[in-house]
**Q** 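Questions regarding the structure given below will be posed in turn.
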Amino acid sequence: MKDAILSIIYLLIILAIIFLERKSPAEAIMWVLVVTCLPYAGLILYLVFGSTAAIKITAAVRAKRLKSQLQIPQHQQPATIRNFSTSEEDREVIRFNENYNGSRLTSLEDIKLLTSGEAHYRSLFKDIKEAKECIYIEFYTIHHDLMGEALVKALTEKAQQGLKVIVMCDYLANISTPKKMFRPLINAGGEVIRIKPYLTHYRSHRKIVAIDHKISYIGGMNIGKQYANLHEKKTPWRDTQVRITGAATLNLENYLLTDWLTAVPRKRWKESLSYIETLKRRDIPHSKKLCQFIIGGVDNNKEGAKMCYLSMIRSAKKRIRIQTPYFIPDASTLDALKTAAAAGVQIELMIPGISASFFLDPITNYYAGQLMEYGAKVYRYKGYIHAKTMTVDDELCCIGSVNMDMRSLQVDDEVCGVFYENSFAESYNRIFDEDITHCTEFKWEDYKNRSTFDRFKESIFLPFAPLM
């Protein structure tokens with residue numbers, strides 16, 4: 001009887017993989033083999049790392065709550081492209097993100113690049129200290145270390161002063177961060193929510209801060225000592241965060257509040273909805289510094305971050321520069337980069353020189369080799385580069401939480417900003433040039449002459465690339 005029940009479960013799982021999950025053929029075949037060839041263990045692996053049931057349930061719950069409850073008010077009117085002077089390449093990307101991703105065009109008053117954890121935390125903690133109305137924070141991880149404790153202390157002081165303080169972080173990524181670290185903040189009236197409280201590798205990877213409806217942050221940094229160059233091995237740590245003021249802040253704030261509204265416990269719905277109804281955010285005049293914010297993950301099934309990247313790659317005429325801690329693109333992204341390289345666009349990829357992990361490095365090197373075959377340049381940063389950026393020519397710059405890997409591009413909850421001001425793209429290109437001076441080039445000859453053991457690791461880990 002027990003064997004019959006297990007057989008039925010296995011059959012249902014296999015049918016779900018083939019007919020319901022809508023995975024790529026290669027990934028579907030991989031999971032069918034894992035489930036059938038590894039009794040019990042294969043089933044557990046699939047439920048944790050392969051099944052998209054959790055993400056679909058989360059998406060359905062979010063959609064139901066937002067449909068049945070109050071929508072986040074769109075106080076700020078979108079910018080209109082016809083009122084601004086932009087290149088045709090920029091206009092194509094703007095139109096794509098408006099039509100495909102539903103991303104409202106907005107603008108900046110000011111943007112500040114922060115390329116170290118020390119600079120980021122100095123700026124963030126100063127803004128928290130000076131906050132007068134509210135502080136909303138969403139990070140993937142808030143580590144239980146001196147930086148995490150310092151953040152909680154600063155937020156607790158503001159909550160005690162009567163400010164609305166909301167903190168969100170991913171459940172699984174913060175499983176080692178004890179609840180007691182947040183207790184002073186909660187006791188002071190702050191709110192702490194751990195998003196996606198279930199066991200699956202599809203996570204909430206967004207990093208957004210909004211303060212007083214005036215200031216916002218996005219980028220690659222979380223809260224932890226490693227981002228401030230205090231990691232035992234991964235140092236120097238190189239990352240990118242941006243501080244934004246202007247109309248764009250309200251767009252980012254809306255994304256964060258949507259996450260909050262769909263994550264609060266049912267018993268706190270009315271209280272949360274009442275708070276949103278009381279928000280009084282002024283319209284901020286648009287400037288000429290245009291930008292859009294793209295979200296990916298449970299909000300839709302369109303692979304928004306990936307499709308935004310593809311639109312940017314398609315617009316390139318001279319050069320594409322990418323910084324990422326892992327380079328594990330899906331087939332469409334890799335083909336787009338190969339196509340651009342073959343057409344004469346210079347591709348430059350910067351990855352960590354310090355090992356990310358035993359299994360990630362061989363896959364990153366393999367995909368980097370795929371680009372080098374078409375003339376791309378690959379740089380290994382003498383340290384750990386955690387920035388997630390892409391610049392196209394001197395026209396576009398994209399900064400956010402999106403790693404160049406399959407999970408970030410396709411399923412994780414992510415956010416990135418596309419900035420259309422040429423001077424900003426030029427500024428980041430100068431930063432990239434400076435970063436190159438701290439790199440060693442990974443050349444095509446190095447890749448071709450890699451060891452037999454490296455080739456063996458590639459063969460072992462490549463089938464699992466969709467999970468990385």
**Q** Before accepting this row, confirm whether a basic side-chain N of the pair Lys214/Glu133 lies closer than 4.0 Å to the acidic partner's carboxylate O.
**A**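 Between Glu133 and Lys214 there is no salt bridge, as every charged N stays at least 4.0 Å from the carboxylate O atoms.
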**Q** When rounded to the nearest 0.5 angstrom, what is the spacing between NE2 in His231 and NZ in Lys233?
**A**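 Here the interatomic distance stands at 8.0 Å.
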**Q** From the options Asp405, Asn403, Leu360, select the one residue that forms a side chain to side chain contact (heavy atoms under 4.5 Å, CB included) with Pro325.
**A**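 When side chain to side chain contact (heavy atoms under 4.5 Å, CB included) is applied between Pro325 and each of Asp405, Asn403, Leu360, only Asn403 qualifies.
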**Q** How far apart are the closest heavy atoms of Val418 and Cys398, and which atoms are they?
**A**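 Nearest heavy atoms, Val418 then Cys398: CG2-SG, 4.1 Å.
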**Q** Do the rings of Trp237 and Tyr384 sit parallel, tilted or perpendicular, given the 30° and 60° boundaries?
**A**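 Rings of Trp237 and Tyr384: tilted, 30 to 60°.
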**Q** Which value, rounded to the nearest 0.5 Å, describes the distance between Phe461 atom CZ and Tyr366 atom OH?
**A**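 Interatomic distance, Phe461 CZ to Tyr366 OH, rounded to 0.5 Å: 15.5 Å.
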**Q** Considering non-hydrogen atoms only, spot the tightest contact between Leu105 and Cys291 and give its length.
**A**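 Scanning both residues, the minimum pair turns out to be CD1-O, 3.6 Å.
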**Q** Counting neighbours of OH on Tyr171 that are heavy atoms of other residues, nucleotides or ligands and sit closer than 6.0 Å, is the number greater than 12?
**A**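 Check fails, neighbour count at 12 or below.
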**Q** Answer yes if the side chains of Asp330 and Thr333 hold a donor-acceptor pair under 3.5 Å, and no otherwise.
**A**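 Distance-only check passes for Asp330 and Thr333.
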**Q** Is any side-chain N of the basic residue among Lys457 and Asp454 closer than 4.0 Å to the acidic one's carboxylate O?
**A**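 Between Asp454 and Lys457 there is a salt bridge, with a charged N closer than 4.0 Å to a carboxylate O.
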**Q** Could you measure the distance from the CG atom of Leu124 to the CG atom of Leu151? Nearest 0.5 Å is fine.
**A**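 Between atom CG of Leu124 and atom CG of Leu151 there are 6.5 Å.
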**Q** Between Thr452 and Arg455, is there a side-chain donor-acceptor contact under 3.5 Å, judged purely by atom types and distance?
**A**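 No, no side-chain donor-acceptor pair sits under 3.5 Å.
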**Q** Enumerate, atom names and distances included, each donor-acceptor pair closer than 3.5 Å involving a side-chain atom of residues 153-160, sequence neighbours excluded.
**A**
{"residue": "Thr156", "atom": "OG1", "partner": "Val152", "partner atom": "O", "Å": "2.6"}
{"residue": "Thr156", "atom": "OG1", "partner": "Leu185", "partner atom": "N", "Å": "3.3"}
{"residue": "Lys158", "atom": "NZ", "partner": "Lys129", "partner atom": "O", "Å": "2.8"}
{"residue": "Lys158", "atom": "NZ", "partner": "Ala131", "partner atom": "O", "Å": "3.2"}
{"residue": "Lys158", "atom": "NZ", "partner": "Gln161", "partner atom": "OE1", "Å": "3.0"}

**Q** Quick one, Ile322 with Met404, criterion side chain to side chain contact (heavy atoms under 4.5 Å, CB included). Give me CA distance, side-chain angles, the key distance, then yes/no.
**A** CA-CA 9 Å; Ile322 298 169; Met404 188 64 81; 3.9 Å; yes
**Q** Between the side chains of Arg380 and Asn365, is a donor N or O closer than 3.5 angstrom to an acceptor N or O?
**A**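 Yes, a side-chain donor-acceptor pair sits under 3.5 Å.
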**Q** Between Leu409 and Glu303, is there a side-chain heavy-atom distance shorter than 4.5 Å?
**A**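 Of all side-chain heavy-atom pairs linking Leu409 with Glu303, none is under 4.5 Å.
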**Q** Below 4.5 Å, heavy atoms only, C-beta onward: do Ile431 and Gln323 meet side chain to side chain?
**A**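 When only atoms from C-beta onward are counted, Gln323 and Ile431 do not touch, as no gap falls below 4.5 Å.
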**Q** Take Glu458 and Arg450 through the test salt bridge (charged side-chain N to carboxylate O under 4.0 Å, His left out) and record every step on the way to the result.
**A** CA-CA 11 Å; Glu458 289 173 9; Arg450 66 197 186 283; 2.8 Å; yes
**Q** How would you list, by chain and number, every residue that makes a salt bridge (Lys or Arg N to Asp or Glu O under 4.0 Å) with Asp212, sequence neighbours excluded?
**A**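 Not a single residue meets the salt bridge (Lys or Arg N to Asp or Glu O under 4.0 Å) criterion with Asp212.
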**Q** Evaluate the side-chain proximity of Lys302 to Tyr100: yes if any heavy-atom separation is below 4.5 Å, no if none is.
**A**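 In short, these two side chains touch, coming nearer than 4.5 Å.
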**Q** Ion pair present between Asp239 and Lys207, side-chain N to carboxylate O less than 4.0 angstrom?
**A**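 No, no charged N to carboxylate O under 4.0 Å.
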**Q** Enumerate the residue pairs fulfilling salt bridge (charged side-chain N to carboxylate O under 4.0 Å, His left out) with a member in residues 165-191, sequence neighbours excluded, ordered by first and then second residue.
**A**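 Every pair satisfying salt bridge (charged side-chain N to carboxylate O under 4.0 Å, His left out) with a residue in residues 165-191: Lys164-Glu191, Asp170-Arg203, Glu191-Arg268.
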**Q** Which pairs, with at least one residue in residues 139-164 and sequence neighbours excluded, count as a ring-ring contact (aromatic ring centres under 6.0 Å, His included)?
**A**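 Qualifying pairs: Tyr140-His205.
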**Q** Do the non-hydrogen side-chain atoms of Ser332 and Leu310 ever get within less than 4.5 Å of each other?
**A**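 Heavy-atom side-chain distance check passes, below 4.5 Å.
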**Q** Quick one, Phe182 and Arg194 - any side-chain contact, counting heavy atoms below 4.5 Å?
**A**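 In contact.
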**Q** Please collect all ring-ring contact (aromatic ring centres under 6.0 Å, His included) contacts where either partner lies in residues 425-446, sequence neighbours excluded, each pair once.
**A**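 The answer is Trp444-Tyr447.
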**Q** Measure across Lys306 and Gln410 and return the closest heavy-atom pair with its distance rounded to 0.1 Å.
**A**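 Looks like NZ-NE2, 4.4 Å.
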**Q** Going by atom types only, do Thr141 and Asn174 share a side-chain donor-acceptor pair under 3.5 Å?
**A**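 No - no donor-acceptor pair under 3.5 Å links their side chains.
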**Q** With the threshold set at 4.0 Å, does a side-chain nitrogen-carboxylate oxygen contact exist between Glu348 and Lys377?
**A**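 Not counted as a salt bridge, because no side-chain N and carboxylate O are separated by less than 4.0 Å.
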**Q** Quick check: Tyr136 with Trp260 (ring centres under 6.0 Å apart)?
**A**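 No: the rings miss the under 6.0 Å criterion.
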**Q** If I compare all heavy atoms of Cys308 with all of Asn101, which pair ends up nearest, and what's the gap?
**A**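 Scanning both residues completely, I find the closest heavy atoms to be CB-ND2, 4.1 Å.
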**Q** Side chain to side chain contact (heavy atoms under 4.5 Å, CB included) between Thr324 and Met390: does it pass, once the steps are laid out?
**A** CA-CA 9 Å; Thr324 179; Met390 179 191 292; over 6 Å; no
**Q** Assign the ring pair Phe456 / Phe453 to parallel, tilted or perpendicular, where the plane angle (0 to 90°) is split at 30° and 60°.
**A**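 Geometry flag for Phe453 against Phe456: parallel rings.
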**Q** Under a plain distance cut-off of 3.5 Å, with no hydrogens placed, do Glu92 and Ser315 share a side-chain donor-acceptor pair?
**A**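 Note: Ser315 and Glu92 side chains miss the donor-acceptor criterion.
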**Q** Using 0.5 Å steps for rounding, measure from the CZ atom of Phe327 to the CG atom of Leu371.
**A**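 Here the interatomic distance stands at 4.0 Å.
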**Q** Are Lys448 and Glu373 close enough, and set up right, to give a salt bridge (charged side-chain N to carboxylate O under 4.0 Å, His left out), and what steps lead you there?
**A** CA-CA 10 Å; Lys448 287 194 298 182; Glu373 187 175 0; over 6 Å; no
**Q** Closest approach of Ser216 and Leu252, non-hydrogen atoms and distance?
**A**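 Closest approach of Ser216 to Leu252: OG-CD1, 3.5 Å.
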**Q** I need the Glu138 CD to Met168 CE distance, nearest 0.5 Å.
**A**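 These two atoms lie 4.0 Å from each other.
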**Q** Is it true that atom NZ of Lys318 has more than 12 heavy atoms of other residues, nucleotides or ligands lying nearer than 6.0 Å?
**A**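 No, NZ of Lys318 has 12 or fewer neighbouring heavy atoms, counting only those of other groups under 6.0 Å.
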**Q** Output, in order, the C-alpha distance, side-chain angles, deciding distance and verdict of side chain to side chain contact (heavy atoms under 4.5 Å, CB included) for Tyr374 and Thr339.
**A** CA-CA 9 Å; Tyr374 292 85; Thr339 301; over 6 Å; no
**Q** Could you list the residues that satisfy side-chain hydrogen bond (donor to acceptor under 3.5 Å, both in side chains) with Glu130, not counting sequence neighbours?
**A**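 Result, side-chain hydrogen bond (donor to acceptor under 3.5 Å, both in side chains) vs Glu130: Lys126.
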**Q** Between Arg407 and Glu414, does at least one N-O distance fall below 4.0 Å, as a salt bridge requires?
**A**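 A salt bridge is absent here (no side-chain N lies under 4.0 Å from a carboxylate O).
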**Q** Check whether any side-chain heavy atom of Asn229 sits under 4.5 Å from a side-chain heavy atom of Glu118, and report yes or no.
**A**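 When only atoms from C-beta onward are counted, Glu118 and Asn229 do touch, with a gap below 4.5 Å.
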**Q** Using the side-chain hydrogen bond (donor to acceptor under 3.5 Å, both in side chains) rule, take Tyr326 and Ser408 through it: C-alpha gap first, then chi angles, then the decisive distance, then the call.
**A** CA-CA 10 Å; Tyr326 331 113; Ser408 272; over 6 Å; no
**Q** Taking the side chain as C-beta and beyond, is there a heavy-atom pair between Ile354 and Lys382 under 4.5 Å?
**A**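 They are not in side-chain contact.
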**Q** When you measure from the side chain of Ser401 to the backbone of Gly220, do you find a donor-acceptor pair of N or O atoms at a distance under 3.5 Å?
**A**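 No, because the side chain of Ser401 does not come within donor-acceptor range (under 3.5 Å) of the backbone of Gly220.
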**Q** Do Ser123 and Leu114 make a side-chain contact, defined as non-hydrogen atoms from C-beta onward lying under 4.5 Å apart?
**A**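 Counting from C-beta outward, Ser123 and Leu114 do come under 4.5 Å.
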**Q** Could you report the tightest heavy-atom contact between Leu108 and Ala248, atom names first, then the distance?
**A**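 Heavy atoms only, the tightest pair is CD2-CB, 3.8 Å.
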**Q** Using the side chain to side chain contact (heavy atoms under 4.5 Å, CB included) rule, take Tyr381 and Ile351 through it: C-alpha gap first, then chi angles, then the decisive distance, then the call.
**A** CA-CA 6 Å; Tyr381 188 78; Ile351 55 178; over 6 Å; no
**Q** Below 4.0 angstrom, N of the basic side chain to O of the carboxylate: do Asp412 and Arg206 qualify?
**A**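 Not counted as a salt bridge, because no side-chain N and carboxylate O are separated by less than 4.0 Å.
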